[in-house]
Amino acid sequence: MDEREDLPATSSGSQRIDKWLWYARVAKSRSLAAKLVTDGAVRINRVKSSKASDSVKPGDVVTVAVHHRVRILEVRLIGARRGPATEAATLYQDLTPPPPPKSDASPADSAALREPGAGRPTKRERRQIDKLRDRS
């Protein structure tokens, strides 16, 4: 077993971006982390990373587009192993802004609301609804 794997997370030095993403549990495997980088879904300090061997160090800001959303992570520590999620969360500070609140209904949807028990719309009513939605 390699001695380096037993070392705790450190706040100095640097680490490959694919390895760090895997340790931080952003990707399920190291190969998927490397694919994220080569596909252009990762930026280090606003610079697009194209190689899995690019290095990150504490203080760097990593932007990752994963799972249909963008995460902004500030590197706090360099990981030594892929541990539990609580340990992985100590490697970064999540700077991702919260998602905007979802509105209950848009104006186009509210015009198409029907009274309970009114049944299905007639062909004429459906055309009126479609006409209202197209104008929005």
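One is the number of the first residue; the rest follow in order along the sequence. Just the heavy atoms: all of them, side chains too, but no hydrogens, waters or symmetry mates, feed the values below.
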Inset, instruction - With sequence neighbours left out, write down each residue that passes side-chain hydrogen bond (donor to acceptor under 3.5 Å, both in side chains) with K35, or none if nothing qualifies. - result: D39
Legend entry - Partner set under side-chain hydrogen bond (donor to acceptor under 3.5 Å, both in side chains) for S50, not counting sequence neighbours: none
Legend entry - side-chain contact (heavy atoms from CB on, under 4.5 Å) involving R124 - partner list, sequence neighbours excluded: T122, Q128
Legend entry - Residue pairs, two or more places apart or on separate chains, that pass salt bridge (Lys or Arg N to Asp or Glu O under 4.0 Å) and touch residues 54-73: K57-D60, R71-D94
Legend entry - For R30, side-chain hydrogen bond (donor to acceptor under 3.5 Å, both in side chains) partners two or more places apart: D18
Legend entry - Residue list, side-chain hydrogen bond (donor to acceptor under 3.5 Å, both in side chains) with Q93, at least two apart or on another chain: R76
Legend entry - Residues that S53 engages under side-chain contact (heavy atoms from CB on, under 4.5 Å), provided they are two or more places apart: R16, K51
Inset, instruction - With sequence neighbours excluded, tell me which residues meet side-chain contact (heavy atoms from CB on, under 4.5 Å) with K28. - result: L32
Legend entry - L95: hydrophobic cluster co-members (side-chain, 4.5 Å): V61, I72
Inset, instruction - May I ask you to list the residues sharing a hydrophobic cluster with V47, side-chain cutoff 4.5 Å, ordered by chain and number? - result: none
Inset, instruction - Only pairs at least two apart or in different chains count here, so list each salt bridge (Lys or Arg N to Asp or Glu O under 4.0 Å) that has a residue in residues 82-93. - result: R81-E87
Inset, instruction - State which residues pass side-chain contact (heavy atoms from CB on, under 4.5 Å) with K48; sequence neighbours excluded, sorted by chain then number. - result: R43
Inset, instruction - Compare all side-chain heavy atoms of P58 with those of I78 and state whether any distance is below 4.5 angstrom. - result: yes
